[in-house]
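Report on the structure given below.
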Amino acid sequence: MTPGGGPGSTGRVPVRSLLTIAAATGALAVAAWLLPASVHVVSWPRSGPQRIAVLAPLIRLWLLLAVAAAIVAVAVVSSWRSPGALSRVAHSTAPLTWLWTWTVPYWPWLPDRLPLLVAGSGPLRWGIGALALAGVMARLACVSPLASWADLCRRLLERRSARWVVFVVSLVLYTTLGVRASSLTGLGGDEPHYLVITRSLIADGDLAIENNHANGDYRRFFNGELRPDYLQRGANGVIYSIHAPGLSVWLIPGYVLARGLGAVLTMCLLAALASTALYEAARIVAGPLAAWLTWASVGLTVPFIPHAWAIYPEMAGAAIVGWGVVWLLEERQASAAQWLWRGFCLSWLPWLHTKFSVLLAGAALCLVWRIRREPRLVASLAVPIAVSGVAWLAFFYVIYGVWDPQAPYGGYAARFVRIENIPRSLLGQMFDQKFGLLVYAPIYALVGPGLLAAFRETRWRTLSLAAATVAAVYIISSARLHMWWGGSSAPARFLVPVAPLVAPLLALGVDRALTAVRARRSAGATAWVLAAVVSVLVAIGGAIGAERLLLFSEPHGVARLLALAQGSAPVTAAAPTFTQEAWGGTTAPPRPLARRTWRGDHRRRGLRTSRVEWHQSRRPATRHVRRDGRGAGVIVLSGRSRGV
């Protein structure tokens, strides 16, 4: 035996590598056997759920396990000649061990005590499978000869011109998904109302929409009846839309070219610009690799999807705010003409929506602080903002006779925009099963570690925290509205303009996750990969299933996506919702999940774990597992996939 134990030499069997390969191949075999399997909750008495599991014939499991054992045997033989290669194989296939979680819903005891685990037998298992596959591919990319290709791709993506790649990829992706969604579902919510304003500007040259509704101009892009959306008539008695005209002005070129489809394409263009801006901000703070991952974490997840093609002002605001963050972080000094253009862009924010005036004030203060030593540049930035601000206030005076931006809402703002709504709104925006950001995009949890990293980064500490402060002020300000979910919209619509503001913090969080990957700290790396994969799968899967409106839910119902993914588990009953006025009582788990029912009652009655008995069924290839004891469930393991 040569001392190194390299190729061509013999040595000790790497037991750890062999165990990893055995666990991975075993998990793959069991997962293949469970492909046609399912678990169904057939009844739910006070004693706990009663489940029926439908499984493939056991002979198929034994055959698959035999194949796995053969693979392990080959690995044992190979380990005597090349233990190093065996270790690399074990490292690459280790993520397949996550497939063992597919078996949890079929266990005889734990799912009865934690019924939500039954959801693992439904569509959620495909997310686990995708995560395992992504882990294997990521580790294979680090193995020669694939490593050389991965290194080449990394060098290409790190070029400064990569921002154009981001823009093109974003535009193509959003356009493809947006056109498909538009053709399947059409316009909804407030989307047609913005186009009515656009139509009025083109046809009549004004903002009065009453005649456009009376003439049915909206039928050019909307099927059905559409009433004017207003709360307060103008000072002259004419109806003006409650919606701000800024977005409608931006939609004019696209509408002239292709009506409703042109408006959707305009929104896709704005979303691509916003994605490019957040990539650029992340690149400045954390480097190219973290920037690409940050772009995927934001641009390919909720709320960017599906709002990238939705005709709402939030994405237009995100584009402006995103480039404002880039201007705040960039090191090079721009000219006075460039700052004049930047002030003009920022000045559009309140014209898109009144609540965006908070973003304008925060962005302007941050940028003025950055160029505070250059009075000429400060003036170039401030002049267009000041002129636009005066014109914006004058707009309300001319139409409604008062210098009040809340005039279009009449008494609505006084009734429904209140400070006491903030707690419910904040909890709902983050955790509601239908509209919560972290429910649909858990990758945003990395903003927390990014915030901690920002405190340690002297270079970016002040600027990143300033952007985060603006985001927090905007979130709290918009949370005063009682209808925090935004009506008929996808999750977290009001948080779309905030995504570019937290992009630097998210980039720092991603950079810390990459450090954990390089250091092979499995806990941190696994959590990050899991959050990223789940976030992207939820958004892309929901966008592809646009005809089923998977990312859209009724405000007072349950989440469509969770209802699809839960299988027979009561996920929608257990997940919190904050859209009800009595929201404090809606977050408690349902009775079958309450501690008193499935833990306290059992303890009070003195129930114990029942024993499991196997009985041969009269039907061929079928086994019944019956759990005896008071309050215990009955599980039927069927040998035929159509047994139930």
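Residue Val72 comes nearest to Ala22 through the heavy atom pair CG2-CA, 3.6 Å, listed as atom of the first residue, atom of the second, then distance. Taking all atoms of both residues into account, the shortest heavy-atom contact from Gly322 to Ala277 is C-CB, 3.4 Å. Closest approach of Pro111 to Val118, counting heavy atoms only: CB-CG2, 4.2 Å.
To the nearest 0.5 angstrom, Phe494 atom CZ is 14.0 Å from Leu437 atom CG. The CG atom of Leu96 sits 11.5 Å away from atom OG1 of Thr20, with the distance rounded to the nearest 0.5 Å. Atom CG of Leu501 sits about 11.0 Å away from atom CG of Leu495, to the nearest 0.5 Å. Note: Met267 CE to Ile311 CD1 = 7.5 Å, rounded to the nearest 0.5 Å. Leu352 CG to Ser357 OG: the interatomic distance, rounded to the nearest 0.5 Å, is 11.5 Å. Separating the CG atom in Leu131 from the CG atom in Leu537 is a distance of 8.5 Å, to the nearest 0.5 Å.
Side chains of Arg370 and Gln333 form a contact here, defined as non-hydrogen atoms less than 4.5 Å apart. No side-chain heavy atom of Trp339 sits less than 4.5 Å from a side-chain heavy atom of Val378. The shortest side-chain heavy-atom distance between Trp295 and Leu300 falls under the 4.5 Å cut-off. Looking only at side-chain heavy atoms (C-beta outward), Leu451 and Leu465 come within less than 4.5 Å of each other. Under the 4.5 Å side-chain criterion, counting only non-hydrogen atoms from C-beta, Leu328 is not in contact with Trp369. Counting heavy atoms from C-beta on, the side chains of Leu28 and Leu99 come closer than 4.5 Å. Residues Tyr106 and Leu34 form a side-chain contact, since some pair of their non-hydrogen atoms from C-beta on lies under 4.5 Å apart. With contacts defined as side-chain heavy-atom distances shorter than 4.5 Å, the pair Trp327/Cys345 qualifies.
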- Message: Before you tell me yes or no, could you show the steps for Trp102 and Val30 under side-chain contact (heavy atoms from CB on, under 4.5 Å), namely the whole-Å CA-CA distance, both residues' side-chain angles and the distance that decides it to 0.1 Å?
- Response: CA-CA 8 Å; Trp102 281 29; Val30 173; over 6 Å; no
- Evaluate the criterion side-chain contact (heavy atoms from CB on, under 4.5 Å) for residue pair Leu438 and Phe431; output intermediate values, then yes/no. CA-CA 6 Å; Leu438 295 179; Phe431 305 109; 3.7 Å; yes
- Task: Could you walk me through whether Val571 and Leu116 pass side-chain contact (heavy atoms from CB on, under 4.5 Å), step by step?
- Result: CA-CA 6 Å; Val571 177; Leu116 292 183; 4.1 Å; yes
- Verify side-chain contact (heavy atoms from CB on, under 4.5 Å) between Leu346 and Leu381, making sure each step is shown before the conclusion. CA-CA 9 Å; Leu346 291 173; Leu381 174 68; 4.1 Å; yes
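Side-chain atoms of Gln338 come within 3.5 Å of backbone N or O of Ser335 as a donor-acceptor pair. When atom types are taken as modelled, the side chain of Arg342 and the backbone of Gly324 share no donor-acceptor pair closer than 3.5 angstrom. A donor-acceptor pair under 3.5 Å is formed between the side chain of Thr97 and the backbone N or O of Ala94. A distance-only check finds no donor-acceptor pair linking the side chain of Arg163 to the backbone of Thr276 [under 3.5 Å]. With hydrogens and angles ignored, the 3.5 Å screen pairs a side-chain donor or acceptor of Asp432 with a backbone N or O of Phe578. For the pair Gln433 (side chain) and Ala575 (backbone), a donor-acceptor distance under 3.5 Å is present. With hydrogens and angles disregarded, a donor-acceptor distance shorter than 3.5 Å links the side chain of Ser535 to the backbone of Ile443. Ser464 contributes no side-chain N or O that, together with a main-chain N or O of Pro504, makes up a donor-acceptor pair within less than 3.5 Å. The closest donor-acceptor contact from the side chain of Trp323 to the backbone of Leu273 lies under 3.5 Å.
Relative ring orientation between Phe356 and His353 is described as tilted, the plane-to-plane angle lying within the 30° to 60° band.
The environment of CZ in Arg461 is crowded: more than 12 heavy-atom neighbours from other residues, nucleotides or ligands sit within 6.0 Å. A 6.0 Å sphere centred on CZ of Arg373 holds no more than 12 heavy atoms belonging to other residues, nucleotides or ligands. Residue Trp100 places its CH2 atom among more than 12 non-hydrogen atoms of other residues, nucleotides or ligands, all under 6.0 Å distant.
Thr103 and Trp107 form a side-chain donor-acceptor contact under 3.5 Å, judged by distance and modelled atom types alone. Side-chain polar atoms of Tyr174 and Ser275 form a donor-acceptor pair below 3.5 angstrom. At a cut-off of 3.5 Å, with distance as the only test, no side-chain donor of Lys355 or Ser477 sits close to an acceptor on the other residue. Side chains of Gln566 and Thr572: a donor on one and an acceptor on the other come within 3.5 Å.
Exactly one of Tyr444, Tyr440, Phe435 qualifies for a side chain to side chain contact (heavy atoms under 4.5 Å, CB included) with Val302. That residue is Tyr440. Of the options Val285, Val447, Leu293, a side chain to side chain contact (heavy atoms under 4.5 Å, CB included) to Leu506 is made by Val447 and by none of the others.
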